[in-house]
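Quick notes on the structure that follows.
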Amino acid sequence: MIKTYDPRGLIRESYNIDGIHIGECRSIFLDWALFDDHEVSQRVRIQLLLDHYGALHPDHPMTEVLKGALEEPDQPKGRRGGRKARVA
């Protein structure tokens with residue numbers, strides 16, 4: 001089943017590379033995210049991959065990347081400046 005969500009095996013292989021770094025994992029993840037098209041949402045697929053691989057490799061950099069991909073982005077703090085700030 002997990003092969004369905006990682007058909008090219010990119011995530012699986014990242015866990016098999018000795019000494020892989022976080023930057024390399026990010027690059028692999030981006031390739032996976034951009035080029036794999038599924039009917040299941042990306043968030044669900046990421047969680048399934050994390051559940052499958054992350055439990056076995058909690059300290060692996062790819063686990064960190066997958067966890068980061070599930071985090072909600074910070075809300076913008078509001079824009080300062082611009083026309084509104086210049087025109088009183």
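Reckoned from all heavy atoms, side chains included, excluding hydrogens, waters and symmetry mates.
Put simply, CZ on R8 and CD1 on I28 are 11.0 Å apart, with the number rounded to the nearest 0.5 Å. Put simply, CG on L10 and CH2 on W32 are 9.5 Å apart, with the number rounded to the nearest 0.5 Å. In this structure, the separation between NE2 on H52 and CD1 on I11 is 12.0 Å, given to the nearest 0.5 Å. Between the CZ atom in F29 and the CD1 atom in I22 there is a gap of 11.0 Å [rounded to 0.5 Å].
Side-chain contact between Y5 and V44 is absent, with no heavy atoms from C-beta onward closer than 4.5 Å.
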Output side-chain donor-acceptor pairs under 3.5 Å for residues 59-67, partner residues at least two apart or in another chain, one line each.
{"unit_1": "H60", "atom_1": "ND1", "unit_2": "M62", "atom_2": "N", "d": "3.0"}
{"unit_1": "H60", "atom_1": "NE2", "unit_2": "S14", "atom_2": "O", "d": "3.3"}
{"unit_1": "T63", "atom_1": "OG1", "unit_2": "Y15", "atom_2": "OH", "d": "2.8"}
{"unit_1": "T63", "atom_1": "OG1", "unit_2": "H57", "atom_2": "O", "d": "2.7"}

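The closest donor-acceptor contact from the side chain of D6 to the backbone of L49 lies at 3.5 Å or more, if one exists at all.
Remark: L70 engages R43, I46, Q47, L50 in a side chain to side chain contact (heavy atoms under 4.5 Å, CB included) (not counting sequence neighbours).
If you chain together hydrophobic residues whose side chains sit under 4.5 Å apart, Y53 and V40 fall into the same group.
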